[in-house]
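Notes for the one structure printed next.
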Amino acid sequence: MVDGEEVKSLLFRTFVLPDQGMLMRRQGDKHPICLLAPDPVDLGVIDPATTRCIKREFTITNQGKGELHPLKIYSQSEVITFGKIPAKIKPGKSVRIKIEIDVDRLAAGPWRFPINVITDDPLHPHLTIPVAGYKK
């Protein structure tokens, strides 16, 4: 019961991650290692009179010995969109992911939201990059 009323259904989202132990056994020492940069993405003070859209990028680097597969990149915030996401990143290589932030949809004042990156890195399958700024 919620506020005296019976709750009949509950909707939630989930993303199922692979079993890291199984991945480590299967990959041996040839597993991927995911590194994100920059951390955080600081957009500073944003003047909506002069800025409608902010374009930035972040880097995903594979420091491991096996291919890294970005499975999903998302944010709970609807103000951010992402560019093309590669299917795989070879060992020792990096890719840049473009992001666009719709300033018109941001609330005035300080704000912060995470970018979630889910990969097949068996040790760190879910990493986040905070995005922060202040809208005048």
Side-chain angles (χ1 to χ4, degrees):
M1 298 196 71
V2 175
D3 295 330
E5 293 187 26
E6 183 179 340
V7 177
K8 296 182 182 178
S9 66
L10 176 65
L11 176 65
F12 65 94
R13 293 185 208 179
T14 186
F15 189 81
V16 179
L17 297 174
D19 177 352
Q20 289 83 14
M22 183 227 20
L23 284 174
M24 290 290 287
R25 287 188 300 277
R26 188 175 69 191
Q27 295 169 335
D29 66 346
K30 297 195 178 217
H31 62 84
I33 299 172
C34 183
L35 177 69
L36 305 178
D39 186 11
V41 176
D42 186 357
L43 302 177
V45 178
I46 301 161
D47 183 354
T50 59
T51 306
R52 294 278 181 237
C53 180
I54 299 170
K55 296 181 181 185
R56 294 285 190 277
E57 58 186 33
F58 68 93
T59 302
I60 303 174
T61 300
N62 180 1
Q63 293 186 324
K65 295 180 181 177
E67 283 187 346
L68 178 70
H69 299 92
L71 303 173
K72 187 173 185 177
I73 299 175
Y74 68 98
S75 177
Q76 298 289 343
S77 175
E78 296 176 358
V79 304
I80 189 167
T81 55
F82 300 96
K84 185 177 178 182
I85 300 167
K88 62 184 174 183
I89 304 168
K90 292 183 179 182
K93 300 295 182 183
S94 298
V95 296
R96 292 184 176 145
I97 306 295
K98 295 179 188 254
I99 59 174
E100 289 188 15
I101 298 168
D102 184 353
V103 174
D104 292 335
R105 297 176 74 183
L106 288 172
W111 50 267
R112 179 182 175 108
F113 53 83
I115 294 172
N116 298 281
V117 179
I118 298 176
T119 68
D120 64 344
D121 176 341
L123 298 176
H124 304 99
H126 180 204
L127 297 172
T128 61
I129 298 177
V131 180
Y134 183 90
K135 181 178 175 183
K136 287 185 177 180

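- Shown are Val103, Ile101, Leu106; of these, the side chain to side chain contact (heavy atoms under 4.5 Å, CB included) with Leu43 is made only by Ile101.
- Shortest non-hydrogen contact noted between Ile46 and Pro48 is O-CD, 3.4 Å.
- In this pair, Phe82 and Phe58 present their aromatic rings perpendicular. The plane angle is above 60°, beyond the 30 to 60° band.
- Side-chain heavy atoms closer than 4.5 Å link hydrophobic residues (I, L, V, M, F, W, Y) into clusters, and following such links, even through other members, never connects Leu68 to Leu35.
- For the pair Asn62/Ile60, no side-chain contact is recorded, criterion being any heavy-atom separation below 4.5 Å from C-beta on.
- Using a 4.5 Å cut-off between side-chain heavy atoms of Ile, Leu, Val, Met, Phe, Trp and Tyr, with links allowed through other members, Ile129 and Val95 fall into the same hydrophobic cluster.
- Between the NZ atom of Lys90 and the CD atom of Glu67 there is a distance of 7.0 Å, given to the nearest 0.5 Å.
- The minimum heavy-atom distance linking Pro91 with Gly64 is given by the pair CB-O, 3.3 Å.
- Taking each heavy atom of Ser75 and Pro114 in turn, the nearest pair found is OG-O, 3.1 Å.
- Ile33 places none of its side-chain heavy atoms less than 4.5 Å from the side chain of Leu123.
- Connection of Leu127 to Ile118 is not established within any shared hydrophobic cluster, with ILVMFWY side chains joined at heavy-atom distances below 4.5 Å, either directly or through further cluster members.
- Rounded to the nearest 0.5 angstrom, His126 NE2 and Leu71 CG are separated by 11.5 Å.
- For the pair Ser77 (side chain) and Val79 (backbone), a donor-acceptor distance under 3.5 Å is present.
- Rounded to the nearest 0.5 Å, atoms CD1 (Ile80) and CZ (Arg105) are 11.5 Å apart.
- A 4.5 Å side-chain heavy-atom check between Lys72 and Asn116 finds every atom pair outside the cut-off.
- Considering Asp121, Asp120, Thr119 in turn, Asp120 is the only one that fulfils the side-chain hydrogen bond (donor to acceptor under 3.5 Å, both in side chains) rule with His69.
- You'll find the side chain of Trp111 reaches within 4.5 Å of the side chain of Lys135, heavy atoms only.
- Here the straight-line distance linking atom CD of Glu100 with atom CD1 of Ile54 works out to 10.5 Å at 0.5 Å rounding.
- Side-chain contact check for Ile97 versus Pro86: some heavy-atom pair is nearer than 4.5 Å.
- Heavy atoms only, all atoms of each residue included: Pro70 and Ala87 are closest at CD-O, 3.8 Å.
- Interatomic distance, Lys136 NZ to Thr51 OG1, rounded to the nearest 0.5 Å: 9.5 Å.
- Cluster annotation: Phe113 is connected to Leu36 through the hydrophobic network of ILVMFWY side chains, with a link wherever side-chain heavy atoms come within less than 4.5 Å.
- Closest of all the heavy-atom pairs between Pro40 and Pro130 is CB-O, 3.3 Å.
- Contact between Glu57 and Lys98 at its shortest, heavy atoms only, is CB-CA, 4.1 Å.
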